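Notes to accompany the following structure.
Everything numeric here is computed off the predicted structure, so don't read it as measured data. In listed order, ligands and their atoms are each counted from 1. Positions are given from 1 along the sequence.
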Amino acid sequence: MKLFAIFGNPVSHSKSPLMHNMVFKDLGIKACYTRILLEDGSKLKETFFKLGLSGVNVTVPHKEAAFESCDEVRGFAKKVGAVNTIVLEDEKLIGYNTDADGFMYAIKSYENIKKVLVLGAGGTAKAIVQKFLEENKEVTILNRSKQRLDFFQKISAKTYTWEDFVLEKYDIVVNTTSAGLNDENLPAPKNLIEKILLNTSYAADAIYGKLTPFLKEAKDKNIPFVDGADMLLGQGVLANELFINKSFSKEMILKSMKKSFLI
Ligand code: NDP
């Protein structure tokens with residue numbers, strides 16, 4: 001029996017155990033998936049081996065620590081410096097990032113996206129921004145503080161803090177901050193959020209399982225929006241495929257995983 005987990009802080013809200021266990025059960029895979037509250041990101045590797053895990057997903061706020069903890073990082077994760085999926089291979093931790101493709105899956109019905117505003121500058125923002133830039137979209141980042149903006153300046157995205165923000169028109173605004181996850185905060189001061197929403201066609205939030213204050217503002221303004229549920233599903237399918245070493249197709253994993261959203 002292989003053991004998988006999600007590492008995060010907070011982690012009690014995570015749907016990942018339900019999603020992955022549904023796939024393992026449905027497809028007859030001898031594995032189990034649990035959640036671990038990890039307070040100190042620098043203890044990630046030690047905790048992984050202590051628990052005898054075969055793989056993990058990593059969520060807020062440890063994706064950058066996960067990148068540092070891996071023995072090898074593959075594919076898109078190398079570009080973003082953030083890892084959300086780790087698989088044990090020959091006693092080595094191999095890191096991947098499935099968040100950005102998960103997010104693109106979530107907004108696939110929104111067409112003609114050219115200009116994007118991303119709220120937040122953490123691990124999730126890095127992945128989504130990098131993906132939009134690869135697809136030749138114009139991307140602006142707005143973050144509460146300056147410290148994390150360097151990464152985005154180096155990859156030619158426009159960056160602002162709340163103090164120096166210059167409003168433009170956007171096709172989509174994406175909240176990747178954790179504001180609203182465990183509180184009722186907006187991702188930026190209310191007057192800024194209102195102006196931003198009046199200048200966008202669509203809104204999206206990475207947070208799932210609740211109507212965040214940000215999405216509530218979008219809803220009140222009749223702006224079409226998606227929450228993080230489809231992103232969660234998209235990233236989860238790709239992570240599960242890595243956990244089971246592609247022994248079942250994406251379609252089969254998706255079909256099982258979707259069932260966990262009905263529970
Ligand atoms: P990080 O900790 O790496 O980054 C958090 C970001 O949020 C930082 O930019 C931080 O700003 C900002 N922030 C935190 N609190 C506030 C606040 N009160 N007001 C404004 N900004 C704030 O987190 P992640 O990128 O890993 O995750 C971000 C969110 O995305 C989480 O809520 C997570 O649950 C969700 N998520 C959902 C997924 C899904 O599948 N649906 C997948 C991945 C993430 P500063 O730099 O100033 O500290």
Side-chain angles (χ1 to χ4, degrees), residues 6-20 35 38-39 41 44 56-68 76-77 80-85 96-107 117-131 141-152 157 159-163 165 173-190 192-193 196 204-215 217 225-240 257 260-261:
I6 178 155
F7 284 163
N9 183 14
V11 77
S12 57
H13 68 286
S14 176
K15 256 180 167 299
S16 292
L18 204 57
M19 289 159 53
H20 289 277
R35 55 168 69 85
L38 183 72
E39 282 172 348
L44 189 148
V56 287
N57 286 123
V58 183
T59 188
V60 60
H62 299 313
K63 288 180 194 182
E64 282 142 331
F67 178 87
E68 298 300 330
F76 188 69
V80 293
V83 157
N84 80 324
T85 304
Y96 300 87
N97 190 306
T98 67
D99 279 336
D101 284 329
F103 180 75
M104 292 303 162
Y105 169 82
I107 60 160
L117 176 67
V118 173
L119 308 175
T124 309
K126 281 182 175 176
I128 290 174
V129 167
Q130 194 66 257
K131 196 68 173 185
I141 325 295
L142 173 61
N143 197 41
R144 175 175 63 177
S145 60
K146 244 186 178 158
Q147 286 86 326
R148 303 202 212 203
L149 294 178
D150 281 10
F151 172 90
F152 300 93
T159 62
Y160 297 106
T161 60
W162 298 351
E163 284 71 38
F165 181 59
V173 178
V174 186
N175 176 31
T176 71
T177 75
S178 36
L181 179 64
N182 279 323
D183 51 44
E184 289 305 305
N185 291 332
L186 282 166
K190 192 171 164 79
L192 270 189
I193 293 295
I196 288 167
D205 204 316
I207 296 170
Y208 60 86
K210 70 183 277 196
L211 189 67
T212 58
F214 172 69
L215 289 185
E217 288 286 333
F225 64 87
V226 287
D227 74 1
D230 278 341
M231 176 182 179
L232 179 73
L233 184 64
Q235 64 77 32
V237 168
L238 298 172
N240 194 278
M257 209 171 255
S260 68
F261 283 72

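Not counting sequence neighbours, the partners of Ala66 by the side chain to side chain contact (heavy atoms under 4.5 Å, CB included) test are Leu44, Val58, Val83, Ile86. Looking at residues two or more places apart in sequence or on another chain, you find no side chain to side chain donor-acceptor pair (under 3.5 Å) involving Lys15.
Note that OG1 of Thr212 and CD1 of Ile207 are 5.5 Å apart. Values are rounded to the nearest 0.5 Å.
Among Ala125, Gly123, Ser178, the residue whose heavy atom lies closest to atom 3 (O) of ligand 1 is Gly123. Scanning Val11, Leu233, Asn143 for the heavy atom closest to atom 46 (O) of ligand 1 points to Asn143. When Gly122, Ala127, Ala206 are ranked by how near their heavy atoms come to atom 37 (C) of ligand 1, first place goes to Ala206. Across Lys63, Arg148, Met231, heavy-atom proximity to atom 43 (C) of ligand 1 is greatest for Lys63. The nearest non-hydrogen atom to atom 45 (P) of ligand 1, considering only Ala106, Gly180, Ser145, comes from Ser145.
Using bins of under 30°, 30° to 60° and over 60° for the plane-to-plane angle, the ring pair Tyr160/Phe165 lands in the perpendicular bin.
In this structure, the protein non-hydrogen atom closest to atom 15 (N) of ligand 1 is Arg144 NH1, 3.6 Å. At the shortest separation from atom 27 (O) of ligand 1 among protein heavy atoms lies Thr124 OG1, 3.2 Å. With respect to atom 29 (C) of ligand 1, the closest heavy atom belonging to the protein is Thr176 O, 3.5 Å.
Contact annotation: for Thr177 versus ligand 1, heavy atoms closer than 4.0 Å belong to both the backbone and the side chain. In Phe103, neither the side chain nor the backbone holds a heavy atom less than 4.0 Å from any atom of ligand 1. Contacts between Pro187 and ligand 1, counted as non-hydrogen atom pairs separated by less than 4.0 Å, involve the backbone only.
Interface atoms of ligand 1 facing Gly120, defined by a heavy-atom separation under 4.0 Å, are 9 (O). In summary, the atoms of ligand 1 found under 4.0 Å from a heavy atom of Pro61, numbered by their order in the structure, are 2 (O).
Lys146 and Glu163 are not joined by a salt bridge, as no carboxylate oxygen comes within less than 4.0 angstrom of a charged side-chain nitrogen.
Under the 6.0 Å distance and 45° angle rule, Lys131 does not count as a cation-pi partner of Phe103.
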